[in-house]
Amino acid sequence: MVSGPDGVGAVDPVRAALKGCCPRCGKGRLYRNLLEFTDRCPACGLDIAGFNVGDGPAAFLIFLLGFLIVGLAMWLEFGAHPPWWVHALLWPPILVVLTVWGLRVGKAILLALEFRNEAAEGRLSDKPDA
């Protein structure tokens with residue numbers, strides 16, 4: 001357990017991401033539904049809506065899963081020569097499941113890292129303007 005920005009113990013970002021729990025208390029749910037964050041942690045009240053993870057996880061997953069699925073599809077095609085419908089039935093469900101899981105974990109880890117590092121938009125120094 002690492003120390004959070006407000007002095008409260010924070011959960012390890014990877015552990016919080018894999019469990020889908022609050023990065024501050026480790027108890028509350030992070031997601032309202034499959035891919036949408038809740039507004040606040042039900043356990044500790046952390047303002048989750050204030051974090052912005054952007055499109056980083058989606059862009060990363062496009063490249064990673066594209067490379068992985070195309071490579072596996074080529075390996076299967078050149079190794080076993082299955083009919084075309086095997087590819088049509090096999091790869092879309094695998095791709096959807098890996099994409100949703102990857103987005104959940106990717107978004108959660110970015111949120112947890114934003115919390116741990118006290119990330120803020122457009123901040124160049126800690127000193128307030130005079």
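One-based numbering along the sequence shown. Computed over heavy atoms, backbone and side chain alike; hydrogens, waters and symmetry mates excluded.
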Let me have the donor-acceptor pairs involving side chains of residues 38-50, under 3.5 Å, with sequence neighbours excluded, atom names and distances please.
| residue | atom | partner | partner atom | Å |
| --- | --- | --- | --- | --- |
| T38 | OG1 | R40 | O | 3.4 |
| D39 | OD1 | R32 | NH2 | 3.1 |
| D39 | OD2 | R32 | NH2 | 3.2 |
| R40 | NH1 | G45 | O | 2.8 |
| D47 | OD1 | A49 | N | 3.4 |

- [ ] Name all residues meeting the side-chain hydrogen bond (donor to acceptor under 3.5 Å, both in side chains) criterion together with N33; count only those two or more places apart in sequence or in a different chain, and write none if there are none.
- [x] E36
Task: R104 side chain vs L35 backbone, donor-acceptor pair below 3.5 Å - done: no
Open item on the list: As an exercise, state the distance from CG of L98 to CG of L68, rounded to the nearest 0.5 Å.
Closed with: 7.0 Å
Open item on the list: Measuring from atom CD1 of I69 to atom CD1 of I94, what distance do you get when rounded to the nearest 0.5 angstrom?
Closed with: 6.0 Å
Task: Heavy-atom closest pair, residues P92 and L89 - done: CD-C, 4.4 Å
TODO: Look at the side chain of K19 and the backbone N and O of G26, then say whether any donor-acceptor pair between them is shorter than 3.5 Å.
DONE: no
TODO: Sorted by first residue and then second, give each ring pair (Phe, Tyr, Trp, His ring centres under 6.0 Å) pair with at least one member in residues 24-67; sequence neighbours left out.
DONE: Y31-F37
Open item on the list: Using every non-hydrogen atom in the two residues, find where L30 and C21 come nearest and quote the distance to one decimal.
Closed with: CD2-O, 3.8 Å
Task: Same apolar cluster: V53 and L103, side chain cutoff 4.5 Å - done: no
- [ ] Go through the structure and list residues passing side-chain hydrogen bond (donor to acceptor under 3.5 Å, both in side chains) with R29, not counting sequence neighbours.
- [x] none
Open item on the list: Checking one residue: V105. Which other hydrophobic residues are in its cluster under the side-chain 4.5 Å linking rule?
Closed with: V14, L18, W101, I109, L113
Open item on the list: Please tell me whether I62 and W91 are part of a single hydrophobic cluster in this structure, the criterion being side-chain heavy atoms less than 4.5 Å apart.
Closed with: no
- [ ] Report yes if some heavy atom in the side chain of K27 is under 4.5 Å from a heavy atom in the side chain of C22; otherwise report no.
- [x] no
TODO: Show which residues join M74 in its hydrophobic cluster (side-chain heavy-atom contacts under 4.5 Å, direct or indirect), or state none.
DONE: V70, F78
Open item on the list: If I take atom CG from residue L111 and atom CZ from residue R116, how far apart are they, to the nearest 0.5 angstrom?
Closed with: 13.0 Å
Open item on the list: Quick check: is V100 connected to L61 through a chain of hydrophobic side chains (ILVMFWY, heavy atoms under 4.5 Å apart)?
Closed with: yes
